[in-house]
Amino acid sequence: MCGITGWVSFGRDLAREQPVLDAMTETMACRGPDARGTWTDRHAALGHRRLAVIDPAGGAQPMTVHTEFGDVALVYSGEVYNFVELRKELQGHGERFTTASDTEVVLRGYLRWGAALADRLNGMYAFAIWDAREQKLVMIRDRMGIKPLFYYPTPDGVLFGSEQKAILANSLAQRVVDADGLRETLSYAFTPGHAIWAGMQQVRPGTIVTVDADGVRERTYWRLESRPHTDNTEASVARVRELLDDIVHRQLVADVPRCLLLSGGLDSGTLTALAAAHLTGERVPTFAVDFMGQADNFTPDDLRDTPDTPFIHDVAEHVGSEHTDIVLDPKTLADPAVRRAALIARDVPMGVGDMDFSLYLLFKAIREKSTVALSGESADELFGGYKHMHIPAIQSARAFPWIAVSVGPFDKDATGLHPHLLAQLKLEEYRLDRYDSAVGEVERLDSESDFEYRMRVMIYLHLTRFMQSMLDRKDRMSMAVGLEVRVPFCDHRLVDYVYNAPWSLKTYDGREKSLLRGAVKEMLPASVAWRPKSPYPSTQDPYYSRELQHQGKELLARPGGGGGAGARRGPRLLLVVHAVA
């Protein structure tokens, strides 16, 4: 796991732009605390910050191969879980390796297969290859969009980076959020490819972007496709279990300490139990977040019926993991330095408050003992675990489900904004347009009933939109402290299979996530196997709210802060859009 960046210009000599490349690279020092490297050619400059996970001694980047027709150079972020098989295949073709890293497998795979290499990869990855033989840049992102990759076309080339801040460190990129960027930020539409900053884009999941002197071109190499599901219940459950066994086995491979994130739910419990079964002879390290006094003073609300801690301990005891609770106090959670670190990691004015801050603190504590963590992220989107997915009014609504739901962290009405700004943005019109466009991407099978098709749409929207926001959040908070988080439920083989299982199979026992529960329930304590969905926890300590109010009042009381008797009257909210460098 790493941070990558670069600059391609067909109109200037980038070998003279080392200071700019260094500045772009250093914006991502947190993503790669172990090493840094840069490489320049006449028309290409590549930067890399490394978090060493596979072959720490031999996987330095940028990695290059010299050919008689020019250099081929790679900067790579992520993990390819089938690199051992690919290495053997490439060796059979006569390729010779000088390292044991998956990075070299990707580079030599490109030399053999070109951009078609993407079809062979299993993993989470975002990488860029400068091919001097053809004077072109090739950028490839994994199928599910687990690892981020942004780019910014320029008059004579492109800037790119794992995070927006790497691109914004180059003066060619304007630090501007326009009306469309505000719409995307405030609408929670999570449009694929949108980067909020004007002129900037994301490489879409499952997409190859090629840049040469003729411009920028995109090609989709993978997308969710509708196919008939012919397996019965028993066969479907068995196939889910088979896939999960293989996925967890592959994603436990690392040359550094690894652990499991444990939340007390079915998803993380599944991964923990499977990991414990594979790691015979060693106890699985598990970590969980908790808040001081929360287990004793928990109050149920619309999202959370029970506290997580008792269920977390049930799983840890059941599988015999080496468990650690990271208990956060409200004073630390409200620390402005923590809030600033989380907001800087985000790069855009989006977030979920204390849930971002506690996740950042959890990952920071885990990083002291582990470098890699497996997380249950994305199981709800895939298997149908969210409560709102099972509400008839939301199932039939012409709206993104996470907006149609009446509870949660999203302010669908953006009520804090000035009415004049809201009128100009036309958020509801924007949401509806984005929603209709998303639904138009979903292929309907001839055999599907109206209801089954609606639920296919429900899952599709979550996998291609909502899940992207969750993956981005986890990537940002984890890489801010140099922790690699792997997400086994995003394996494209599992996603493709479960996506095409009809809703009647996903709920065959009358509950949410039936296919997943059926595949693993005998490995888990009953309390967890049958526990209803409970979202990531949020503090209930009143100190946290009081402290935020106090800090807000202090800010408003400062000169120019908008408060005080002498303050000029104006809008209730001053919206300032800027880059965090």
Side-chain angles (χ1 to χ4, degrees), residues 141 144-145 148 150-153 164 176-207 209 216 218 220 223-226 347-352 381 386 388-389 391-444 448 450-451 453-473 499 575 577:
R141 192 176 180 200
M144 300 308 298
F150 298 85
Y151 68 100
Y152 187 102
Q164 293 105 315
V176 173
V177 175
D178 58 15
D180 195 52
L182 283 176
R183 291 185 186 100
E184 186 63 26
T185 302
L186 298 169
S187 68
Y188 302 105
F190 308 122
T191 304
H194 210 298
I196 307 300
W197 298 95
M200 194 182 300
Q201 301 174 56
Q202 288 195 61
V203 177
R204 299 182 188 217
T207 299
V209 175
V216 180
E218 289 188 3
T220 300
R223 67 179 300 272
L224 281 174
E225 296 180 349
S226 300
D347 272 354
V348 293
M350 297 176 69
V352 284
E381 289 86 350
Y386 290 115
H388 62 253
M389 290 179 165
I391 300 173
I394 294 176
Q395 290 172 341
S396 61
R398 189 186 172 194
F400 289 114
W402 48 93
I403 296 298
V405 70
S406 60
V407 294
F410 304 120
D411 178 8
K412 63 183 179 181
D413 299 318
T415 51
L417 295 183
H418 193 278
H420 178 65
L421 176 59
L422 280 175
Q424 287 185 312
L425 293 178
K426 300 179 180 178
L427 287 181
E428 198 54 45
E429 182 178 312
Y430 181 84
R431 283 195 192 103
L432 189 59
D433 177 71
R434 295 299 186 181
Y435 172 81
D436 288 343
S437 177
V439 173
E441 298 169 6
V442 184
E443 302 164 295
R444 179 172 182 172
E448 281 182 319
D450 289 346
F451 178 73
Y453 170 67
R454 283 297 305 168
M455 297 317 294
R456 180 185 290 279
V457 168
M458 174 79 73
I459 296 296
Y460 184 91
L461 295 176
H462 279 83
L463 289 174
T464 62
R465 268 74 177 172
F466 188 76
M467 191 177 79
Q468 293 303 306
S469 72
M470 299 293 102
L471 291 174
D472 182 75
R473 170 178 177 252
Y499 171 68
L575 180 62
V577 180

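No hydrogens, no waters, no symmetry mates; every other heavy atom, side chains included, goes into these values.
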F400 and Y188: CA distance, side-chain angles, deciding distance, side chain to side chain contact (heavy atoms under 4.5 Å, CB included) verdict: CA-CA 9 Å; F400 289 114; Y188 302 105; over 6 Å; no
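- Heavy-atom minimum distance, L422 versus L427: CD2-CD1, 3.9 Å.
- Between P153 and G199 the shortest heavy-atom distance is CD-O, 3.5 Å.
- Between atom CD of residue E448 and atom CD of residue E443 there is a gap of 10.0 Å, rounded to the nearest 0.5 Å.
- Under a cutoff of 6.0 Å and an axis angle of 45°, R444 and Y453 form a cation-pi pair.
- Relative to the six-membered ring of Y499, R456 meets both conditions, a distance below 6.0 Å and an angle of at most 45° to the axis.
- A side-chain contact (heavy atoms from CB on, under 4.5 Å) with H462 holds for exactly one of M467, M389, Q468; it is M389.
- Closest non-hydrogen pair, F190 versus S469, comes out as CE2-CB, 3.4 Å.
- Side chain of R454 to backbone of Q395: a donor-acceptor contact under 3.5 angstrom is found.
- In this structure, a donor-acceptor pair under 3.5 Å is absent between the side chains of Y152 and Q201.
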Under the salt bridge (charged side-chain N to carboxylate O under 4.0 Å, His left out) rule, what do R431 and E184 come out as? Steps first, then yes or no, please. CA-CA 9 Å; R431 283 195 192 103; E184 186 63 26; over 6 Å; no
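- When all heavy atoms of L461 and P401 are compared, the closest pair comes out as CD1-CD, 3.9 Å.
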Let's go through R204 and R141 carefully: what are the C-alpha distance in whole Å and the side-chain angles of both, what is the deciding distance for side chain to side chain contact (heavy atoms under 4.5 Å, CB included) to 0.1 Å, and is it a yes or a no? CA-CA 7 Å; R204 299 182 188 217; R141 192 176 180 200; 5.6 Å; no
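- To the nearest 0.5 angstrom, Y430 atom OH is 4.0 Å from T191 atom OG1.
- Here the side chain of S437 pairs no donor or acceptor atom with the backbone of R434 at under 3.5 angstrom.
- With values rounded to the nearest 0.5 angstrom, E428 atom CD is found 9.5 Å from S187 atom OG.
- Of all the heavy atoms in P192 and T464, the pair that sits closest is CG-O, 3.7 Å.
- No donor-acceptor pair under 3.5 Å is formed between the side chain of D178 and the backbone N or O of A198.
- For the atom pair S396 OG and D450 CG, the distance stands at 12.0 Å (nearest 0.5 Å).
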Check step by step if side chain to side chain contact (heavy atoms under 4.5 Å, CB included) holds for R398 and L432. CA-CA 8 Å; R398 189 186 172 194; L432 189 59; 3.3 Å; yes
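- In this structure, R183 contributes its side chain and L425 its backbone to a donor-acceptor pair below 3.5 Å.
- Looking at every heavy atom in both residues, L463 comes nearest to L224 through CD1-CD1, 3.8 Å.
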Would Y151 and V209 count as a side chain to side chain contact (heavy atoms under 4.5 Å, CB included) here? Give the steps. CA-CA 10 Å; Y151 68 100; V209 175; 4.2 Å; yes
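- Here the CZ atom belonging to F150 is positioned 7.0 Å from the CG atom belonging to D347, to the nearest 0.5 angstrom.
- Under a 4.0 Å N-O distance rule, the pair R465/E441 qualifies as a salt bridge.
- Separation of the Y386 and F466 ring centroids falls under the 6.0 Å cut-off.
- Taking the six-membered ring where tryptophan is involved, the planes of H420 and H418 are perpendicular, since the angle between them exceeds 60° and thus also 30°.
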